[in-house]
Amino acid sequence: MEEMTMAIDNCSKQKQLSHHVLPFARSYQVEALEKAMKENTIVFLETGAGKTLIAIMLLRSYAYLLRKPLPYIAIFLVPKVVLVSQQAEAVKALTDLKVGMYWGEMGVDYWDASTWKKEFEKHEVLVMTPVILLRSLRHSFLKLSMIKLLIMDECHHARGRDPYACIMREFYHDQLKSGVSDLPRIFGMTASPIKSNVGNSEWTLAESIRKLMTLMHSKVYTCESEAVTEFIPISTPKFKVYREDEISYVLFQELAVKLKMLKQQHELALRNSDFTESAAESAHKRIEKSFYAIMFCLDDLGVWLALKAAESLFSNETESFLRDNSGDGLVKSFSLATVNHLTTYLPSGNDCTTIDRIGTQWSIGDNIKSDVDMGLLTSKVFCLVDSLLEYRDLNNMRCIVFVERVITAVVLETLLNVLLPKYNSWKTKFIAGHNSGLKNQTRNKQNEIVEEFRDGLVNIIVATSILEEGLDVQSCNLVIRFDPCPTVCSFIQSRGRARMQNSDYILMVKSGDSATHSRLEKYLASGDIMRKESLRQSSIPCGSLEQLPEEVYRVESTGAIVNLSSSITLIYLYCSWLPSDGYFKPSPRWDKETGTLYLPKSCPLQPIQVQGDKKFLKNIACLEGCKQLHNIGALTDNLVPDIVVEEAEVDEFENEPYNEEQPSYVPPQLINHLSKDDKTMYHCYLIELKQNFSYDISVCDIVLATRSELDPETESTQFEMCFDHGSLSVNLRRIRAVHLSPNEVLLCKTFQVTVLKILVHHNIDKLAASLKSLDKLYLDDDLEIDYLLLPATAIQHRPAVIDWVSITSVNPSKITCEKHSPKLWTKNGLVCPCILQDSLVYTPHNGHIYITTSIMELDGNSLLELRDGGVTTYKKYYEEKHGTQLCFEHQQLLNARHIFLVKNYSHGCRQEKDREAGKNFVELPPELCCIIMSPISISTLYSFSFVPSIMHRLESLLGAYNLKKTYLDHCKQHEIQTVKRLWYLRFALKVLEAITTKRCKEPFHYESLETLGDSFLKYAASKELFKSYQNLHEGLLSVKRTKIISNAALCKFGCNCGLPGFIRNAPFDPHTWLIPGDKSESFKLKEELDSNGPKIYVSGKQKLKRKIIADVVEALIGAFLTSGGENAALLFMDWIGIKVNFDIVPYERHISIQPEKLVNVNFLESLLKYSFHDRSLLVEALTHGSYMLPEIPSCYQRLEFLGDSILDYLITMHLYEKYPGLSPGQLTDMRSASVNNDCYAWSAIKAGLHKHILHTSQELQKHIFNTLNTFGKLASSTTFGWECETSFPKVLGDIIESLAGAILVDSGYNKEVVWQSIRQLLEPLVTLETLKLHPVRELTELCQREGYTQNITISSKDGVICARVEVDANGATHQYEFSGCVDKKTAKKLACKEILKSLQKTEGK
């Protein structure tokens, strides 16, 4: 019975496992899986035993708990970044789970909770390094309860302060002790549960294993070695002993003394240089590092490899981007001097191949024993080469040589690639950690080398410990330990790299080094001992983790924590997000003597002084700092700097989807349903036209009749249009209302459709279709563009304004002549000659339409002079040219003119004539003419040719009126009385300018207003933020401002208020203009209700990019600012959703300092012509962030933030008002030339403000000194910064801005006081005469205008910036290369300036 029960249990287990076990799993893997499914498990198996496969099968067993939309996940931790993709790919290959990969270089350190939430919702298994999980848990981006399975690869790292150990201690055991049962299943993997050196007894091993089990709260699973070796090969260990003697003591001492002298010489040169302290210290460290690396190689590897090390260090000195104080030259000089000296110790003073005294060629390794005797190589290197050559006959050689140092890997690669080809075709490459600084390797490069190793393209890899863990190189058949293994774990893992059958594991040991030999022997035996102890420990229950209580600060709302261990890291993280510049990187300062933590001046916290255990005093202070930062909101509830969340919100906001298809509005005043009343009232407005030119045809007035009464402001509408003859003045005025019957309305619509269709399209078929659509006028009730355009009577015939005679001309058949009898044959039949005097006719023989003016004395038999000089009769001409036989050749001909062309007259530019005046007139036989309209004067038709452009402008103005009215209605609804006066201001033209883009090609567009509005918006937002957030640093204020004034934000504000529909973004095309009353085109108006205003009618869609809408918002701010002042602009901003309050709020300051002791107050107030009420503001405005002395609690960054915006606004407004006739482009250029750091810095130097800056940066001082040298060479009145051949320290420009901010705050936000004080420092201000474009901008625009090809490349070498500019000007190449110790912008500017000079010389020739 008992046997049957066991059989049933076994069967049940098999069924339970069968869903998850892969068919190729080995017996011990299935056994380990079964154990891991029951309890937390550490799988201790040899390298190559398939531990990852067990983890994957365990993932498969948990898959039902992980599949979305369930909120749970599995975490797969790997200790090294290179293993992330390897393990992730393995999971993807053998499961259908969604896998995400994460490592530091992805920028995960800067992710916030919302970003991580998206990852958790998207993926089911997350493969990452442990520090990422630890950070996510500490910040509570991820809760431990969300993790169902936690896999830890190479879990032997879980000790001390390793992230593995911190995860288990701070979170797993903390919740375990709290009684939480919903904890993740732990699954650890290792080839050695012990990472440290082997102890002296089995008890020590057992204790180490026990500690790992306790920390991991897991049982160790392992099996007898034979169970594994049945499936995987185990390499054979072999000891290789090399003799103790290295290079001769005399040679070593001689070289050591000389190299030390070289080092001292270069260190002395550093001390005597004018390099900054940080640059000199950096150069000293690099020289020292090179020296000790070369000395190590000399001692351990020999002279030749020491030379190779020196050459490698020389060629791989990293490029510095500092200015001419970087010290690069001295560092490279030391490396080169070392190379030259070591070279003298080679045969004939040469490198690897030379000719010796008897004429034979020498090469390293030709006689390797001789090389050892000469000290070129050591016996240790000889042992390595000898060991490799023992396998020279081995097919498919795959060898890994493990070394301790990166420099050893680098030089051994060089040696083996020189020496081994003498014996076979083996190729060697090295792999070392990518952060070594020596021969930097990217992870992609390392993976590429491993792939080449697998494929046999590389036979030997010289590697540091980076290849010990996890990397799968199964093709390896030989491992050589060039340097001894430091730990048993290193021993086991490096041995495990030899995966092939019958592979060897060579351990190189120095002769007589019994300690190392004994240690390696213990390592050999340790595997069985650890396995035995693991089996014994697995039967003992897991103990509870005993750890000393540690102070933890926990945020109740999120669960985020910071403790003594993590507090320093968090403080440094916070400081790294504070504003910085090239002279100062904000970081905390710890005063060990007083136990005081000083945070950077941009942090609002006062110095933190604590007491306690001196060993942990800094940790305690940082923990207190974290608490205080959280309490004031500088750290969020997830304990990350608030700016991280703010920037993430900005990024998310910027990336929100946006539909470029936006509506286009039609003014509701021109829209209506068809009236079916007996009488319909129309409001009549006279469009008075005045010719400002001489022409043989005069214009006449036109009547605009609308169903809706127009805004009273439209009565004063005046504008001009330019065309080929000159300009036409247009004036609109209201006359009276008329009541029209349906028949009269139909007649009027027939007239305007006929005239406008013919003028616009010159096509009789399109006219027929339009007239046919009028027959259906009363059959539908759709919305339509409903207004009438009618001819006006001549002034002498008024007060009757509408010219009904011309309107009835659409029915010429109904016109009878009482004076004459019909006697002229036409296509319409026999008609009276007077009907043809002023008529619109169509000639079917050529498809043209003409306007007749008179009857001529000529007939069909009259002579016609041809263009080629020949003569014929009209009858013959029509017969030969058009194949038409005149039947009434004696009828008098008609004098006719080609119908007028309708053009876009809205652009404000005079146009070229389309044809000569003489070619406009023709002679027509009446019998070829169909009469369309009669009588209608040529003046009427000429006037109507301007109607499309006139109505386009009026429609645009109505749109501007409607937008303004919507804004005013908002003000009334909110009982804002201050804008009532705006109702009487006629500023709709400014609004029209603000909603018109440059693409419309009209005489105005929004650029100038946008420039002005941008500066005011920036100022208003900056002022509001500065007042509202008195504890926030400049970086956070800038991010918050971005959330208000960025293109994405402004676009959203604009869209929420329906602004896009008002925007005009395309040039007017009269051929697509909708003729009122014409229903032949498929066109539908859509009515939309606006909850905040009147009805809106949409005529279609237009494409508008985000920036256009944002620019229009800024331009509208500028329009209201110039028309109604700051209050009007603020109210418009309020309407669209930008809430800014200009009420004066006291700036709270609690600073007790004595300004007179810190700065020369009297001089500075005299310079600024302003006396401060609060002189601490003056001190703050002059304090750079590097000035960490405690007497001044804050730096100038906040005041600079405010001052930057007020100066931008004041200068832009000054230019706008002083130069009212500026083109938009000129205003933008003048603003750019005035509002920039170079101009401000120049002004600061002129005023001597650089002497009063409080800072402790040597690099800043050096840069200011270099700038002063340049300052004396140039005339400041003509440069405005563009001509300077050096880069200005940004700090100098910042000081001008911070002083402006200080005066603004101190004066109660009085802008005039700021302008009067700062303007004198900025004089002379740029004028139109002194305006110079920035050389880069000037060259770019020149190339775009002339079609030149431009190419600019920037490079850096040895601290020197090189800018190369090449321009192909129609086949002529102009090139210039500037090199110097300047920044990239300056180098680019100077190179472009030289190219401009070259181009100007060419043009002069």
Side-chain angles (χ1 to χ4, degrees), residues 79-80 82 154 156-157 192 195-198 237 239-242 244 246-247 288-302 304-306 308-310 312-313 316 377-385 387-388 399-416 428-441 446 449 460-471 473 476 478-498 505-513 515-520 522-523:
K80 294 185 178 179
V82 289
E154 312 292 358
H156 50 266
H157 288 287
S192 168
K195 187 178 181 181
S196 59
N197 291 329
V198 177
F239 284 92
K240 193 84 171 180
V241 180
Y242 57 92
E244 188 173 355
E246 304 296 341
I247 71 170
E288 198 166 59
K289 184 177 180 180
S290 296
F291 172 76
Y292 286 117
I294 293 166
M295 289 302 297
F296 166 79
C297 291
L298 183 64
D299 183 42
D300 201 51
L301 307 174
W304 194 84
L305 288 173
K308 296 297 118 182
S312 177
L313 291 165
N316 288 286
L377 300 175
T378 62
S379 56
K380 182 179 181 181
V381 175
F382 175 77
C383 179
L384 171 65
V385 175
S387 300
L388 286 168
C399 171
I400 301 177
V401 179
F402 281 106
V403 298
E404 186 177 348
R405 300 193 182 200
V406 175
I407 192 65
T408 306
V410 172
V411 297
L412 284 181
E413 178 202 59
T414 304
L415 173 70
L416 297 179
T428 304
K429 287 192 178 181
F430 83 92
I431 290 181
H434 74 288
N435 289 323
S436 65
L438 297 167
K439 286 272 189 179
N440 250 353
Q441 282 183 328
Q446 292 171 357
I449 293 171
I460 300 170
I461 294 179
V462 186
T464 57
S465 59
I466 190 172
L467 275 191
E468 286 181 356
E469 284 187 331
L471 273 180
V473 282
C476 181
L478 176 64
V479 171
I480 300 177
R481 288 294 323 198
F482 184 75
D483 293 313
C485 307
T487 65
V488 64
C489 181
S490 172
F491 176 88
I492 291 172
Q493 289 183 323
S494 60
R495 181 184 181 184
R497 292 309 105 201
Y505 181 50
I506 294 178
L507 300 162
M508 290 176 51
V509 183
K510 184 164 62 174
S511 175
D513 188 356
T516 300
H517 197 283
S518 173
R519 179 159 52 90
L520 293 176
K522 286 182 180 179
Y523 288 171

Residue pair Thr464 / Ile431, side-chain heavy-atom distance below 4.5 Å
no

Heavy-atom side-chain contact between Gln446 and Ile466 under 4.5 Å:
yes

Would you call Lys380-Asp299 a salt bridge at under 4.0 Å N-O?
no

So do the side chains of Arg481 and Ser490 get within less than 4.5 Å of each other, counting heavy atoms only?
yes

How about Val381 and Leu415: do any of their side-chain heavy atoms sit closer than 4.5 Å?
yes

Is the closest side-chain heavy-atom distance between Tyr523 and Ile492 below 4.5 Å?
no

Is there a donor-acceptor contact under 3.5 Å from the side chain of Glu413 to the main chain of Phe430?
yes

How are the rings of Tyr505 and Phe491 set to each other: parallel, tilted or perpendicular (split at 30° and 60°)?
perpendicular

Any non-hydrogen side-chain atom of His156 less than 4.5 Å from a side-chain atom of Gln493?
yes

Answer yes or no: is there a side-chain heavy-atom contact under 4.5 Å between Cys399 and Val479?
no

Using the rule given for salt bridge (charged side-chain N to carboxylate O under 4.0 Å, His left out), can you reason through Arg519 versus Asp513, listing the C-alpha separation, both sets of side-chain angles and the distance that settles it, and then say yes or no?
CA-CA 10 Å; Arg519 179 159 52 90; Asp513 188 356; over 6 Å; no

Partner of Leu377 by side-chain contact (heavy atoms from CB on, under 4.5 Å), out of Leu301, Leu305, Val385:
Leu305

Sorted by first residue and then second, give each salt bridge (charged side-chain N to carboxylate O under 4.0 Å, His left out) pair with at least one member in residues 403-412; sequence neighbours left out.
none

